[in-house]
Amino acid sequence: MEKNKKEKMKAFNDIISLCKRRGFVFPSSDIYDGFTAIYDYGPYGVLLENNIKETWWKEMTRANDNIVGLDSAIFMNPKVWEASGHVSGFSDPLTECRKCNSRLRQDTLLEDAGVFADEKMSEDEINYIFEKNIDKIKCPVCGAQDFTPGKKFNLLVQSNLGNFSSNWQKNPSYLRGETCQGIYVNYKNVLDSSRVKIPFGIAQIGKAFRNEITARQFIFRTREFEQMEMQYFIKPNDDEKVFNEWKEKRYNFYLNLGFSEKNLRWHKHENLVFYAKAAYDIEYNFPFGFKEMEGIHARGDYDLTQHSKFSGKKLDYLDPKTNERFIPHVIETSCGVGRIFLATLTEAYKEEEIKEGEKRIVLKFPKKLAPIKIAIFPLLKNKEELVSKAKEIYNSLKMDWKCEFDDNGNIGKRYRRQDEIGTPYCLTIDFDTLEKDEVTIRDRDTMEQEKVSVSDLKKYFSEKFL
Ligand code: GAP
């Protein structure tokens, strides 16, 4: 492994262990040795996750007057998934290593060998490319080069919800494989119940489930995950213009979150599904390389046409100005909360030498994403006046910003701990506070300290967290 790659993988392992040590992410059912490809978000993780979701939600539904929100159910009538094409076509090419019996994705094995493949290719197409390149392909688990012929494996997760027969597999319901189908099937409800007019968007955040064959890379590819999707309904013929507008907006979203431009890039899909007019991914430079973080897709009128056909309901739109009737086209933006979470951690994670022989780990989150905004310390834990003054200040700030009170260990240790969870400001109550009503505020990034009077704290932090 080249040196740079080795260092990146070490940093990745350090991030994974920090996530557990500091309560960001835990393996699911940890006391039972986990459950493959499922993770839980701990006390700081849920705060970071909520901040990411809130930033996206505001960007969609407040910055844009014509985007409304939705929270549709995870379960839907199974016909939804027939109409969408998921029952027949939502599959990945699966092969098995004949030596160690690992189940693997053919397209990922080809990609790792530097050969282009797409999960949307037919079984025959991908088997053909696989055989042609077999010399280059190795099992990542045991290194063997002997595989079973590939078969398409459907990713929809089945359930017996509401079906009490022992034969329920014949008529399963599904845990949704993507959140956008809940948007399409509510398009008419939203149109009829609110005053939206084309162009308009519907945004939704929610869980999705996929029976991923190879779940690797921590929270990057999981079987239960959360999506933030927005479907923008437009006039036919506006696809290209609106698609380009959303491409630009979504790229800028990441730049505004403080992601460095060198870690972002576009990937254009060459092998489009038949109905798609264009599809681009925003890729992030994860420790294991550039991978998809968000997809932006021009889906034409495919989704509404399919749902209209399968439900027998009219899903067209009457333009009040021109009296024209048409099935709206859709531009979709779709990203995974877990992937943005991992990219945010990757971007923020730094190991720094603070003086000779002394290092610190610090998460330099953008302030608006930091789980804890202000940590409040009494200088000494056993001085009652300091502790009660610190509690008073903590109580006066905690409803405006997420604060944490900490009187454990010495100040140096408390700084290290707050650095590791990315708290932008640490505020210490010392004897000057009692005498002059001043506290010491230490900045996470510069580690510089300044004195601020207690009566100015709200103004001070309002400016810092603008
Ligand atoms: N509605 C379109 C759609 O679902 P997708 O490319 O399959 O498109 C969109 O998924 C986004 O959802 C991806 O860019 C990724 O951020 C996230 N995502 C997809 N599968 C995931 C998985 N197994 N684990 C975590 N995130 C996933």
Side-chain angles (χ1 to χ4, degrees), residues 25 28 36-39 41 49 52-53 56 70 72 74 76 80-81 83-86 89-92 105 107-108 118-120 153-157 174-185 201-232 243 246-247 250-251 253-254 259 264-269 271-273 275-276 278-284 286 288 290-300 302-304 306-307 330-344 346:
V25 181
S28 153
T36 309
I38 311 273
Y39 289 89
Y41 290 81
E49 202 187 26
I52 290 170
K53 289 194 268 186
W56 183 88
L70 180 78
S72 70
I74 285 173
M76 285 179 260
V80 169
W81 302 104
S84 67
H86 284 74
F90 187 47
S91 51
D92 278 342
R105 263 175 73 166
D107 56 324
T108 315
D118 196 305
E119 74 269 18
K120 291 177 191 86
F153 178 81
N154 193 290
L155 304 186
L156 275 182
V157 179
Y174 303 97
L175 280 83
R176 65 182 172 201
E178 56 179 9
T179 55
C180 61
Q181 296 302 328
I183 296 182
Y184 304 136
V185 298
I202 304 179
Q204 162 154 253
I205 300 178
K207 292 270 180 147
F209 302 81
R210 295 183 189 177
N211 242 336
E212 296 285 358
I213 298 166
T214 37
R216 283 190 293 174
Q217 295 146 337
F218 190 40
I219 53 173
F220 178 79
R221 190 181 304 285
T222 50
R223 294 188 178 134
E224 172 179 338
F225 57 99
E226 204 160 17
Q227 286 188 314
M228 305 194 283
E229 299 202 297
M230 193 282 297
Q231 311 297 309
Y232 203 67
F243 183 72
W246 277 106
K247 260 183 74 193
R250 294 309 301 151
Y251 197 81
F253 174 80
Y254 294 105
F259 284 48
L264 294 170
R265 75 176 189 197
W266 285 108
H267 167 73
K268 181 177 185 225
H269 285 230
N271 210 342
L272 294 174
V273 279
Y275 58 82
Y280 276 80
D281 295 337
I282 297 176
E283 294 189 335
Y284 178 75
F286 290 99
F288 36 85
F290 274 97
K291 297 272 177 209
E292 174 182 349
M293 180 159 61
E294 166 153 356
I296 296 137
H297 313 125
R299 300 177 66 120
Y302 175 76
D303 305 281
L304 292 183
Q306 284 295 99
H307 286 302
V330 168
I331 304 296
E332 164 181 77
T333 75
S334 172
C335 50
V337 177
R339 290 199 185 171
I340 301 180
F341 186 102
L342 183 57
T344 303
T346 310

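Sequence positions, counted from 1, serve as the residue numbers for this chain. Counting convention: from 1, in listed order, for ligands and their atoms alike.
Side chain of E294 to backbone of I282: no donor-acceptor contact under 3.5 angstrom is found.
Separating the NE2 atom in H297 from the OH atom in Y280 is a distance of 12.5 Å, to the nearest 0.5 Å.
For a heavy-atom separation below 4.0 Å, the residues in contact with ligand 1 are E178, C180, R210, E212, F220, R221, T222, F225, Q227, E229, E292, M293, E294, G295, H297, R299, E332, S334, C335, G336, R339.
Relative orientation of the H307 and Y184 rings is tilted, given thresholds of 30° and 60° on the angle between their planes. By the 30° and 60° cut-offs, the orientation of the rings of Y275 relative to Y302 is parallel.
For E49, the salt bridge (charged side-chain N to carboxylate O under 4.0 Å, His left out) criterion is met by no residue, not counting sequence neighbours.
For the residue pair Q204 / S72, a side-chain donor-acceptor distance below 3.5 Å is found, with atom types taken as modelled.
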